Protein chains: 6
Amino acid sequence: MTESWLPSLITETPEEGYDLAMKLARKAVGMTQPDAEIRKKLRPIYANNPDSLTFASQVVAINFQTVAAANNYWK
Amino acid sequence: MTESWLPSLITETPEEGYDLAMKLARKAVGMTQPDAEIRKKLRPIYANNPDSLTFASQVVAINFQTVAAANNYWK
Amino acid sequence: MTESWLPSLITETPEEGYDLAMKLARKAVGMTQPDAEIRKKLRPIYANNPDSLTFASQVVAINFQTVAAANNYWK
Amino acid sequence: MTESWLPSLITETPEEGYDLAMKLARKAVGMTQPDAEIRKKLRPIYANNPDSLTFASQVVAINFQTVAAANNYWK
Amino acid sequence: MTESWLPSLITETPEEGYDLAMKLARKAVGMTQPDAEIRKKLRPIYANNPDSLTFASQVVAINFQTVAAANNYWK
Amino acid sequence: MTESWLPSLITETPEEGYDLAMKLARKAVGMTQPDAEIRKKLRPIYANNPDSLTFASQVVAINFQTVAAANNYWK
């Protein structure tokens, strides 16, 4: 049986929650472009484009909203 | 009687919820461009464009917010 | 007396809710460009552009958040 | 004394709420470009561009989330 | 002691809340481009571009969600 | 043991919350482009582009929603 890549939205700390938000953001990219080789080639394109970086940060921010709410903001 | 493509927002696990978010994202694309042949031709365009991939991930993120809230974050 | 195009946000099923989200997305387009003939001419442009399709899906996703919350996620 | 352009977020119906969301979207445009003559000249540009129309619809969708929540979804 | 530019999210009226949302939107711009002279030069560029105006309105809309929630929608 | 860059979402004031939202926005950029030298070179590009500045403000706005909710809007 394969382990789930997303067993839970609960994390111990906000920092781990932020990492999970990043993971969620990358997952949809990998599901849309499953070829890791192609994704690797695209990396220098967006990693050197300021708007692409902001865009990446935006998707993390949206996912972080979800993770933070799931964890009741670690309060 | 046709089965609904969206009988419920409830899923057993976060991972299934993420898959549902992806399904929701693709549904509106299919409703806007119903021709599967055309959608297939467009696929290599966005699958090789980093910003298009980020954009796809963003829509999944927005839908995942909805699905996660519906499932009370699987808590 | 004209019937409202939006009498309620309540729908019987999630699928109907998704259709309503699509309707909400299109309504603002129609209010901004009221000429149906022009909208018809624009259709093949965005229906063949992958980012335009993702964009359309994004607006549906935002509206679906609203409709789903209004329906308490059909729970 | 000038009447407020936004005395309340409460509306009687969802349709009026949608109109208010549209008004909110246009207000920030007017505050950023206060010259009505220029806004009028820009109108045919975005009203004939499908992505601009989707973008306009997106901002209405975000504002409609706010208005709908304020009205407890007119339940 | 310097007065805070953001002492509170609470405002007396929805209109003041909208103004605060605009202020929040502009603050991040000022923090990213602290040179007021450059910001002034950029102004005619985005103030004459319809998509830039819509974009500005979108950020106000997102901030207005926050301010409206903070004020319990002025109910 | 390394100190966390994000020990908590709780801040004393709204202004500190806004600064944290900015920090969250920048963090994902740094995780996507870890080379500080490259990020420094990209800075004048987006800092002189009005849409890039609006985009940066948008991501701060999304993160500020999260931080503000975590702090119960500092009420």
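Just so we're on the same page: letters track the sequence lines, and every chain starts at 1. Quick caveat, the model's predicted, so the values are computed rather than measured.
- For the atom pair CG (D/Asp51) and CD1 (C/Ile45), the distance works out to 9.5 Å, reported to the nearest 0.5 Å.
- Between the C/Tyr46 side chain and the D/Asn49 main chain, no donor and acceptor come within less than 3.5 Å of each other.
- Judged purely by atom type and a 3.5 angstrom limit, D/Gln58 has no side-chain atom pairing as donor or acceptor with the backbone of C/Val59.
- Rounding to the nearest 0.5 Å places CD of D/Glu15 at 12.5 Å from OG of C/Ser8.
- In this structure, OG1 on D/Thr54 lies 9.5 Å from CG on C/Leu53, to the nearest 0.5 angstrom.
- Each of D/Pro50, D/Ser57, D/Ser52 was compared with C/Val29 under the side-chain contact (heavy atoms from CB on, under 4.5 Å) criterion, and only D/Ser57 meets it.
- By the 6.0 Å contact criterion, NZ on C/Lys40 is open, its count of non-hydrogen atoms from other residues, nucleotides or ligands being 12 or less.
- Closest of all the heavy-atom pairs between C/Thr32 and D/Met22 is OG1-CE, 4.3 Å.
- If you take NZ on D/Lys75 and CG on C/Asn72, they are separated by 5.5 Å, rounding to the nearest 0.5 Å.
- Of the two parts of C/Pro7, only the backbone, made up of N, CA, C and O, holds a non-hydrogen atom closer than 4.5 Å to a non-hydrogen atom of chain D.
- In this structure, the portions of C/Ala69 lying under 4.5 Å from any heavy atom of chain D include both its backbone and its side chain.
- Residue contact with chain D, scored on non-hydrogen atoms closer than 4.5 Å, involves the backbone and the side chain of C/Leu24 alike.
- Contact annotation for C/Lys27: both backbone and side-chain heavy atoms come within less than 4.5 Å of a heavy atom of chain D.
- Closest approach of C/Thr66 and D/Ala68 over heavy atoms only: CG2-CB, 3.6 Å.
- Counting heavy atoms from C-beta outward, D/Val60 and C/Met31 have side chains that stay 4.5 Å or more apart.
- Contact of C/Ile62 with chain D is made through backbone and side chain together, with heavy-atom distances under 4.5 Å.
- For the set D/Tyr18, D/Trp74, D/Phe64, the entry with the most heavy-atom pairs within less than 4.5 Å of chain C is D/Tyr18.
- Of the listed residues (C/Leu9, C/Asn71, C/Ile10, C/Asp35), the one with the most heavy-atom contacts under 4.5 Å to chain D is C/Leu9.
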